[in-house]
Structures are given as C-alpha cells and as structure tokens.
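Below is one structure; the comments refer to it alone.
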Amino acid sequence: MGTQKSNEGASGTGRRALLGAAVLGAGGAVLGVTGTARADSARYGSGGLKSLPKPTIVGHRGASGYRPEHTLGSYQLALDMGADIVEAGDLVPTKDGHLVCRHEPEIGGTTDVADHPEFADRKKTKQLDGVSTTGWFTEDFTLAELKTLRAIERIPANRPHNTLYNGRWEIPTFEEVLTWQDQQTRARGKQVWIYPEMKHPTYFRKQGLPLEERVAKALRKHRKDGRTSPVIIQSFEPTSIERLNKLVDNPLVVLLSGADTRPWDFVETGDPRTVADLVKPAGLREIASYAQGIGPTLDLVIPRDAGGKLTEPTTLVSDAHKVGLILHPWTMRNENPFLPADFRKGTEADAYGDVFGAYKAYFATGIDGVFTDQPDTGVLAREAFVNG
C-alpha cells in the first residue's frame, strides 16, 4: 500500500494532464463548484484509507435495508446509523451524458417508470454484458426525463416495509451526491466518505458514454481527486480501474464476483482469466499495481458447502494483505435468504436470522470492512467483535 501511494503521488500530474485533454461529448459538462470541498477536507481531515475504523462499515447503496436504495433518503439514514462510508452511487449515464445513481442502467425495478405512459415506447430488450435484459435504460432518457421518475423498493418480497417509502425520492445525480457529501461533512463536523461504483464501463464505452472520464472530471471539479480524498471508486472491470488510475489519484477497488466468473472486460478482450485467477497471489499483485483494494463476494472469503453453510476460510485475506490490498467484501444482509444456512432462523423471506453470528465469523478472518444493507446492525456487530 505504501509503495502504491508513493507511485500515485509521482504520477498525479500526468493523470491530471490526461484528464484535461479528455473530451466528454454532448452533455458532459458538470456543475460548477466552489472551494468548499477542499476547505472541508482541510478542516475536518481526511487521512486516507488508514484513517477509517476497522472493520469499516460501508452502507450498501445507503441504508438499503430500510429505504429504497440509491436515494438521498437511504444515504442520509446510513450516516445517521453510523456507517463509516456510504456507497453513494452505482453510476450510470443518461442520454445527455450526466451520471446518475441507480443499481443498474435498467430502471424498471427501481423506479416508477412503468407507471409513466409517456415512456411506454422506451421499453426495450438489450444485451447487457451478454445477458438479454428487458426494461427501461438510463441511456435512453435525458436527465430532465429521469428527474420526473421516483424511486421504489427493488426487492419488496424481502422488504415489504420499504415500500412505504416508494415515490418519496427522485434519482440523484453524482453531482448532487458530491454536493450532499460536503453538506453532510459540515453539518456533522467530520469527514463523510462515499464509495461510488462505475457500472458496466465496457457496455457504456461502446455507446459513446465512457464512465471513467466523466467520473474523473466530476471529482476534479469538486477537488476530490487526490490519494487521500474521501471518495473510493470501485468497478467489477479491472481495466476500467486501470484506466481511472491514470486519470485520478483516488483510492481504487476492484470488485470480484464468483470464482468461476470472468469480468466482462476480460470477455470482450479475450482475456481467459477468471476471478479464481485474480485471487491467486499473481493476480493480486497485478491488481495492487493500480488499485488499493478488492471487494470480493463473501463466498471468496469463506466458501459455503452444498447446503449453504459456511466452511473454512480461504487464504484470500492474508494473500491480499501481503501485497498491500485492503478487503471490503459484500454484502451482509439481515434477512434469512441472504445469510449462510447455519445462521438462518425460521423460513420467512423477510425474517431476520442470526446476523451477529455471521458478522463474527466474517470479521474473524481479518477483513478490513464489509458492505451491509443494515449499517446499524453492522456497527453493533463491530462493537461486539472489537470488545470481545
């Protein structure tokens, strides 16, 4: 980690020069910014990743266990519940080039777009990273059109209580999140961290809507493009993180799905490696050359057996730490269907299991933090683990 940070510091000028030459195309302009972001950082401090508590509690899409995900209401609640970082933004572009916060570009399951007859003809079937997907896609809407929609609960069968809040919040833009971050930092008197994800970078680059340059430009405008800036950027596509590493100095994280899966950028370029290859020492060393961390699925940390119960931990945590990478696996959820079988209680889809027992098992592996839909539970679990 230390060596990587030194390399970042030396290459920062080059990255900014590259960014200054980037052309974003139609709609790529971002809102103006004052000097408050840098002033906030100086006043409240941001000592980089090492300043975060461990295990770090990351509010997954906000406090998505209690509010519709990727809304300002969900982000706000995550902070109120004690999250150390808020995953404020799965970033996808609009038709006119703005970045908005949605779990996926397909928004039929997370907004009320289906209730808008004026958008009925926008429903399409597309190949999204090789998967046939039918619905409404952000890249077919202008920002003004998306702002007429409202967020809804994505998994109402597991979270019927969240449907109470359907329609209360609009789709936030990345610009609005960056401004909200500054406002919350000042209001709370401590630095607020966010953890946006670039979604489907290869897919959008092919459409002339590249994410990396847009993300980098927004960070620069808000003066949050430094190696100690309180904005961690993540992606499931390693080459996208490599590309962003040349544009900004922010801490970067490569997300890792199932062991037998291949990142979509690898599929597109013919790279035969799977996630199983990336979590080997050689793969981790390569990731450490351009990123500061990995975000593995929890099953890469402790696999489950055929019955869904936890087995023995892998060596991933120690292997990653040896090359200076932090680990923020995903995703802890309180509800039974999402827990290992040995921590479930009852059979109801929305009933809570023994999530504190599950947290203890994962924390014991030495992970540096975890994404959770219920940040308040994560904070209590950390307290119990740290205090023995």
Side-chain angles (χ1 to χ4, degrees), residues 1 3-5 7-8 11 14-15 18-19 22 49 58 87 89-92 104-105 128-131 195-206 209-216 219 225 227 231-301 314-317 319-331 367-369 371:
M1 183 70 78
T3 301
Q4 177 65 8
K5 284 188 176 180
N7 291 340
E8 285 177 350
S11 63
R15 294 181 196 176
L18 282 170
L19 180 60
L49 292 175
V58 183
E87 190 194 28
D90 282 340
L91 303 179
V92 293
E104 290 287 341
L128 183 60
D129 290 3
V131 177
Y195 210 140
E197 177 188 344
M198 298 184 294
K199 302 291 289 194
H200 307 288
T202 296
Y203 170 81
F204 284 118
R205 184 167 290 277
K206 282 189 168 184
L209 292 167
L211 298 181
E212 297 88 353
E213 290 83 357
R214 286 175 166 78
V215 169
L219 292 173
D225 59 328
R227 60 193 174 106
V231 183
I232 307 169
I233 308 293
Q234 55 182 328
S235 175
F236 278 101
E237 297 189 15
T239 60
S240 179
I241 292 297
E242 283 189 273
R243 185 185 299 271
L244 190 63
N245 183 49
K246 297 175 182 177
L247 301 177
V248 297
D249 289 330
N250 293 73
L252 305 175
V253 168
V254 174
L255 296 170
L256 301 168
S257 194
D260 61 348
T261 64
R262 290 169 68 198
W264 186 250
D265 52 335
F266 285 15
V267 174
E268 288 279 342
T269 60
D271 188 327
R273 290 178 298 168
T274 65
V275 167
D277 296 308
L278 295 179
V279 297
K280 292 177 181 177
L284 293 170
R285 283 195 299 271
E286 180 182 322
I287 291 173
S289 71
Y290 56 81
Q292 287 67 49
I294 56 173
T297 176
L298 285 164
D299 289 347
L300 291 174
V301 178
T314 67
T315 61
L316 179 58
V317 174
D319 290 344
H321 284 166
K322 285 177 184 176
V323 297
L325 292 170
I326 62 167
L327 299 90
H328 291 158
W330 48 275
T331 303
I367 58 175
D368 300 283
F371 285 78

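Everything quoted here is computed from the prediction, not taken from an experiment.
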* Test salt bridge (charged side-chain N to carboxylate O under 4.0 Å, His left out) applied to Glu197 and Lys199, step by step -> CA-CA 6 Å; Glu197 177 188 344; Lys199 302 291 289 194; 3.5 Å; yes
* Asked: Are Arg227 and Gln292 close enough that some pair of their side-chain heavy atoms sits under 4.5 Å apart?
  -> no
* Taking Asn250 for the side chain and Val231 for the main chain, is one N or O donor matched with an acceptor at less than 3.5 Å? -> yes
* Structure fact -> Closest heavy-atom pair, Pro329 versus Gly369, reported as atoms and distance to 0.1 Å, is CD-O, 3.0 Å
* side-chain contact (heavy atoms from CB on, under 4.5 Å) evaluation trace for Lys322 with Arg285 -> CA-CA 9 Å; Lys322 285 177 184 176; Arg285 283 195 299 271; over 6 Å; no
* To do: Could you tell me whether the side chain of Phe236 reaches within less than 4.5 Å of the side chain of Pro201, counting heavy atoms only?
  => no
* Pair Val301-Val317, side-chain contact (heavy atoms from CB on, under 4.5 Å): steps then yes or no -> CA-CA 7 Å; Val301 178; Val317 174; 4.1 Å; yes
* Side-chain donor-acceptor pair present, His328, Asp368, cut-off under 3.5 Å -> no
* Is there side-chain contact between Leu298 and Thr331, with at least one heavy-atom pair below 4.5 Å? -> no
* Interatomic spacing from CG in Leu316 to CD1 in Ile367 - rounded to 0.5 Å -> 10.5 Å
* **Check: Val215 and Leu91 side chains under 4.5 Å, non-hydrogen atoms** => yes
* N/O donor-acceptor pair under 3.5 Å between Asp265 side chain and Thr239 backbone -> yes
* Kindly indicate whether the side chain of Leu244, heavy atoms from C-beta on, has any atom under 4.5 Å from the side chain of Ile233. => yes
* Sidechain N-carboxylate O distance under 4.0 Å for Arg262, Glu268 -> no
* Using a 4.5 Å cut-off on heavy atoms from C-beta on, say whether the side chain of His321 contacts that of Ile326. => no
* Asked: What pairs of residues pass the salt bridge (charged side-chain N to carboxylate O under 4.0 Å, His left out) test when at least one of them lies in residues 272-281, not counting sequence neighbours?
  -> Asp271-Arg273, Arg273-Glu286, Asp277-Lys280
* **Atom of Gly295, atom of Trp330 and distance for their closest heavy-atom approach** => O-NE1, 2.7 Å
* Structure fact -> So CE of Met198 and CG of Leu255: to nearest 0.5 Å the spacing works out to 9.5 Å
* Got Phe266 and Pro272 here, is their nearest side-chain heavy-atom distance under 4.5 Å? -> no
* To do: Answer yes or no: is there a side-chain heavy-atom contact under 4.5 Å between Thr202 and Val267?
  => no
* Asked: Looking at residues at least two apart in the chain, or sitting in another chain, which of them share a side chain to side chain donor-acceptor pair (under 3.5 Å) with Glu242?
  -> none
* Do we see a donor-acceptor contact under 3.5 Å between the side chains of Thr274 and Asp260? -> no
* To the nearest 0.5 Å, tell me how far Leu284 CG sits from Ser289 OG. => 11.5 Å
* Any idea which heavy atoms bring Leu325 and Ala288 closest together, and the distance? -> CD2-CA, 3.8 Å
* Structure fact -> Leu252 and Ala291 have their tightest heavy-atom pair at O-CB, 3.5 Å
* To do: Any chance you could measure Asp90, atom CG, to His200, atom NE2, to the nearest 0.5 Å?
  => 8.5 Å
* Structure fact -> For Ile232 and Pro196 the tightest heavy-atom approach is O-CD, 3.0 Å
* Asked: What is the distance from atom CG of Leu211 to atom OG of Ser235, rounded to the nearest 0.5 Å?
  -> 8.0 Å
* Asked: Would Ile241 and Val253 satisfy side-chain contact (heavy atoms from CB on, under 4.5 Å), going step by step from the backbone distance to the final call?
  -> CA-CA 7 Å; Ile241 292 297; Val253 168; over 6 Å; no
* Lys246 and Glu212: CA distance, side-chain angles, deciding distance, salt bridge (charged side-chain N to carboxylate O under 4.0 Å, His left out) verdict -> CA-CA 10 Å; Lys246 297 175 182 177; Glu212 297 88 353; over 6 Å; no
* May I ask you to decide if Trp264's main-chain N or O and Glu237's side chain share a donor-acceptor pair within less than 3.5 Å? => no
* Asked: If you look at every heavy atom in Ile294 and Ala320, which pair is closest and at what distance?
  -> CD1-CB, 4.2 Å
